[in-house]
Engineer: 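After the structure tokens below, expect a handful of questions from me.
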Amino acid sequence: ICFDVCSRNSVAINTATRVVSHKLVGSFGHPCLDYRLNMYGLRPALSLSRCGANVLIPRLSTCPQTVDRYVADEVMRFSLDTPVKEAATPPSSWYTSAGIHALEASTVWTNNWVAVGTTLQVSTPGAFFTGTIGKEPFLVSSDRENTLRAFYNVCRHHGNIVERRAEGEAAQFTCCYHGWTYGVDGRLKKTTKMQGIRNFVAGQNALKTMGVRTWGPLVLLRLAGHPASDEFDHEVLPLRQELEELGFSSGMTHVCRRQYQLECNWKLIIDNAADGGYHLEYVHRDLSDNLDLSTFRTDVGDLYNMQVCVGKADNDNSAKRRRVGQKAVYSCIYPNLLVNRYGPWLDTNIVLPLGPDRSLMIYDFFLSDRFADEMSETELADFVEQSLSASDQVQQEDTLVCEGVQQGIQSAAFDVGRYAPGPEQAVHAFHLRLARDLREGLHTMLINE
């Protein structure tokens, strides 16, 4: 029996054949396909015909992704069951391998709510901003009814990037290649020179959508669309309550945005931020001088961790002491959002991967309205300048250690590390969540031997 195959599937079919060719070899020396391929969506043609000794080739109803055996093995090296006191960290390959990076793209960055910007960027009808999550370009816009929408920033004609500006306002989006035009709601409004085309429906060629939602002043996207059941608000509720008590979704004014590119894997930034203050006294001496590190506590949820520390209680009224205030909350929301609330300041840090060893950090700084109203214009300007300078110093110090770790873990001298069970429980929890995502992705893929 031979299987009918259309030519457009040939590349994917050849890939699938290579993947499983190690399992069975037919009597004619040709690779045969294991029946287990059915579980990956492979199915025969509807009509079958008899044909001598031809190789069996299936038709793909969906094309399963493939992953190298090395990547799968490295994912499985990290234990989900070992307690933090006995656990080893993920292997260094998780921070250096292009294969791990690709697996994260189809799992972590596709199936979770990913922070990408602020609500201020899309606060009026027609406002928009663009960016990328890995290799996926996105376009977030507010339509004429001021409803938030998000799309893949890819023209349905030949795949060109539709909107090339980083942000702005628009009545519509026009592709610069052939003039296809889309509304701010994503609908295809206009095509050019398409006379004579058949089997084409404009309504079926809108910009492809993404899931979009807000959380406080932040915009989050989910490449896979809205989940059937969205538990995000419930999963981060304790953190949200803590932040709202200090001022989070209201009473704050946006001051500025700053961006940093780091020569390190994105996970090293999260590891550093989630270490329960472990590194503060060694890396951030000026910041530590304004915190009572003995009060540091860490709360860990499935989707977040929250680290709380009390500011030093004395009569020091310097800008650095007022910047930290009486209480500091440092938090991480899986996979890529850091939210810090301290003194009169709120800063949000969005971490995005640029490659296996490169990352982008997007900071947005917000200042308490009540605090600002109590200062003169000159005093406020001086305070803001000194505070932003101190924040930049902290980031430069973090950059130094994150890039240093990235260099060190590429050495033959390092494979896995260990956790400090007390302060690094949140780091361990982050790795567990990440490992579950990666393993779930492996279950849907063909392993390339």
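No experiment lies behind these values; they were computed from the predicted model shown. Numbering starts at 1 and runs along the sequence shown.
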Engineer: For the atom pair OG (Ser391) and CD (Gln396), what is the distance rounded to the nearest 0.5 Å?
Structural biologist: 11.5 Å
Engineer: Looking at Asp286 and Arg323, is any side-chain nitrogen of the basic one under 4.0 Å from a carboxylate oxygen of the acidic one?
Structural biologist: no
Engineer: Are Arg144 and Asp185 close enough for a salt bridge, meaning some N to O gap below 4.0 Å?
Structural biologist: no
Engineer: So, is the end of the Lys189 side chain (NZ or CZ) under 6.0 Å from the ring centre of Tyr182 and within 45° of the ring's axis?
Structural biologist: no
Engineer: Is any side-chain heavy atom of Pro217 closer than 4.5 Å to one of Phe366?
Structural biologist: yes
Engineer: Mind checking whether Val108 and Leu434 have side chains closer than 4.5 Å, heavy atoms only?
Structural biologist: yes
Engineer: Does Val75 reach the side chain of Arg439, with side-chain heavy atoms less than 4.5 Å apart?
Structural biologist: yes
Engineer: Does Asp143 come within less than 4.0 Å of Arg149, counting only side-chain N to carboxylate O?
Structural biologist: yes
Engineer: Indicate yes or no: at least one non-hydrogen side-chain atom of Val212 is less than 4.5 angstrom from one of Leu220.
Structural biologist: no
Engineer: Minimum heavy-atom separation for Ile269 to Cys264, with atom names?
Structural biologist: CG1-SG, 3.9 Å
Engineer: For this output row, return yes or no: ring centroids of Tyr363 and Tyr260 closer than 6.0 angstrom.
Structural biologist: yes
Engineer: Could you tell me whether a side-chain N or O of Ser97 sits under 3.5 Å from a main-chain N or O of Trp94, the two making a donor and an acceptor?
Structural biologist: no
Engineer: Please determine whether the number of non-hydrogen atoms from other residues, nucleotides or ligands lying under 6.0 Å from atom CD of Gln172 exceeds 12.
Structural biologist: yes
Engineer: Give a yes or no on this: more than 12 heavy atoms of other residues, nucleotides or ligands lie within 6.0 Å of atom CZ of Arg187.
Structural biologist: no
Engineer: Can you measure from OG1 (Thr96) to CG (Asp357) and round to the nearest 0.5 angstrom?
Structural biologist: 9.0 Å
Engineer: Counting N and O atoms only, with roles assigned by atom type, does the side chain of Thr191 sit under 3.5 Å from a partner on the main chain of Met194, one being a donor and the other an acceptor?
Structural biologist: no
Engineer: Give a yes or no on this: more than 12 heavy atoms of other residues, nucleotides or ligands lie within 6.0 Å of atom OH of Tyr282.
Structural biologist: no
Engineer: In this structure, which one of Thr348, Val394, Leu346, Asn349 forms a side-chain contact (heavy atoms from CB on, under 4.5 Å) with Asn340?
Structural biologist: Asn349
Engineer: How are the rings of His431 and Tyr419 set to each other: parallel, tilted or perpendicular (split at 30° and 60°)?
Structural biologist: tilted
Engineer: Going by an N to O cut-off under 4.0 Å, is there a salt bridge joining Arg370 and Glu374?
Structural biologist: no
Engineer: Which heavy atom of Arg77 sits nearest to which heavy atom of Pro91, and what is that distance?
Structural biologist: NH1-CB, 3.4 Å
Engineer: Between CD1 of Ile350 and CZ of Arg257, what distance do you get to the nearest 0.5 Å?
Structural biologist: 6.0 Å
Engineer: Quick check: do Val339 and Leu337 have side-chain heavy atoms less than 4.5 Å from each other?
Structural biologist: yes
Engineer: Within the structure provided, determine whether Leu352 and Leu354 are in side-chain contact (heavy-atom separation under 4.5 Å).
Structural biologist: no
Engineer: List the atom of Leu188, the atom of Ala202, and the distance in Å for their closest heavy-atom pair.
Structural biologist: CB-O, 3.9 Å
Engineer: Check whether the side chains of Asp81 and Ser79 place a donor and an acceptor atom closer than 3.5 Å, and report yes or no.
Structural biologist: no
Engineer: In terms of heavy-atom contacts, does CD of Gln410 have more than 12 from other residues, nucleotides or ligands at under 6.0 Å?
Structural biologist: yes
Engineer: Has the side chain of Asn112 got a donor or acceptor atom that lies under 3.5 Å from a matching backbone atom of Val114?
Structural biologist: no
Engineer: So, for Gln261 and Leu360, which heavy atoms are closest and what is the spacing to 0.1 Å?
Structural biologist: CG-CD1, 4.0 Å
Engineer: Write down the atom of Thr89, the atom of Gly417, and the distance for their closest heavy-atom approach.
Structural biologist: OG1-N, 2.7 Å
Engineer: So do Glu167 and Thr130 actually touch side chain to side chain, heavy atoms under 4.5 Å?
Structural biologist: no
Engineer: When you check the side-chain N and O atoms of Thr174 and Thr181, is any donor under 3.5 Å from an acceptor?
Structural biologist: yes
Engineer: Give the C-alpha distance, both sets of side-chain angles, the deciding distance and a yes or no for side-chain hydrogen bond (donor to acceptor under 3.5 Å, both in side chains) between Glu244 and Ser249.
Structural biologist: CA-CA 7 Å; Glu244 292 294 358; Ser249 58; 2.7 Å; yes
Engineer: Decide yes or no for Asp271 and Asp275: does some side-chain heavy atom of the first lie under 4.5 Å from some side-chain heavy atom of the second?
Structural biologist: no
Engineer: Evaluate Glu242 against Lys327 for salt bridge (charged side-chain N to carboxylate O under 4.0 Å, His left out), listing each step before the verdict.
Structural biologist: CA-CA 11 Å; Glu242 185 81 27; Lys327 182 179 182 180; 2.5 Å; yes
Engineer: Verify, without hydrogens or angle tests, whether Asn448 (side chain) and Val67 (backbone) share a donor-acceptor contact under 3.5 angstrom.
Structural biologist: no
Engineer: Can Phe383 and Phe371 be said to form a ring pair (Phe, Tyr, Trp, His ring centres under 6.0 Å), step by step?
Structural biologist: CA-CA 11 Å; Phe383 175 77; Phe371 180 87; 4.8 Å; yes
Engineer: Are Arg297 and Asp299 within salt-bridge range, i.e. N to O under 4.0 Å?
Structural biologist: yes
Engineer: Which atom pair, heavy atoms only, marks the closest approach of Ala170 to Arg165?
Structural biologist: CB-NH2, 3.9 Å
Engineer: Hey, does the side chain of Ser318 reach the backbone of Arg321 with a donor-acceptor pair shorter than 3.5 angstrom?
Structural biologist: yes
Engineer: Got a sec: does the CD of Glu385 have more than 12 other heavy atoms crowding it under 6.0 Å?
Structural biologist: no
Engineer: Counting only heavy atoms not in Glu377 (residues, nucleotides, ligands), do more than 12 fall under 6.0 Å from its CD?
Structural biologist: no
Engineer: Would you say Thr132's side chain and Pro137's backbone share a donor-acceptor pair under 3.5 angstrom?
Structural biologist: no
Engineer: Could you go through His226 and Trp113, starting from their C-alpha distance and side-chain angles, then the distance that decides it, and tell me whether this counts as ring pair (Phe, Tyr, Trp, His ring centres under 6.0 Å)?
Structural biologist: CA-CA 9 Å; His226 285 276; Trp113 287 111; 5.4 Å; yes
Engineer: Would you say the rings of Phe173 and Phe151 are close, in the sense that their centroids are separated by under 6.0 Å?
Structural biologist: no
Engineer: Is the side chain of Trp109 donor-acceptor paired with the backbone N or O of Glu136 at a distance under 3.5 Å, no angle test?
Structural biologist: no
Engineer: We want to know whether Asn265 and His101 form a side-chain donor-acceptor pair, criterion being a heavy-atom distance below 3.5 angstrom.
Structural biologist: no
Engineer: Are there more than 12 heavy atoms of other residues, nucleotides or ligands under 6.0 Å from atom NZ of Lys320?
Structural biologist: no
Engineer: What distance separates Phe365 CZ from Arg258 CZ, expressed to the nearest 0.5 Å?
Structural biologist: 6.0 Å
Engineer: Apply salt bridge (charged side-chain N to carboxylate O under 4.0 Å, His left out) to the pair Arg213 and Asp233, showing each step before the final yes or no.
Structural biologist: CA-CA 11 Å; Arg213 60 161 298 145; Asp233 285 327; 2.7 Å; yes
Engineer: Using 4.0 Å as the upper bound for N to carboxylate O, is an ion pair formed by Glu397 and Arg285?
Structural biologist: no
Engineer: Give the ring-plane orientation class for Phe232 versus Trp215, where under 30° counts as parallel, over 60° as perpendicular and anything between as tilted.
Structural biologist: perpendicular
Engineer: Got a salt bridge between Asp347 and Arg341, using NZ or NE/NH1/NH2 to carboxylate O under 4.0 Å?
Structural biologist: no
Engineer: For the atom pair NZ (Lys312) and CG (Leu293), what is the distance rounded to the nearest 0.5 Å?
Structural biologist: 7.5 Å
Engineer: Under a 3.5 Å threshold, yes or no: a donor from one side chain and an acceptor from the other, between Gln307 and Ser331?
Structural biologist: no
Engineer: Quick check: are there more than 12 heavy atoms from other residues, nucleotides or ligands sitting under 6.0 Å from CZ of Phe414?
Structural biologist: yes
Engineer: If I take atom CG from residue Leu207 and atom OG from residue Ser141, how far apart are they, to the nearest 0.5 angstrom?
Structural biologist: 9.0 Å
Engineer: Under 4.0 Å between a Lys/Arg side-chain N and an Asp/Glu carboxylate O for Asp73 and Arg69?
Structural biologist: yes
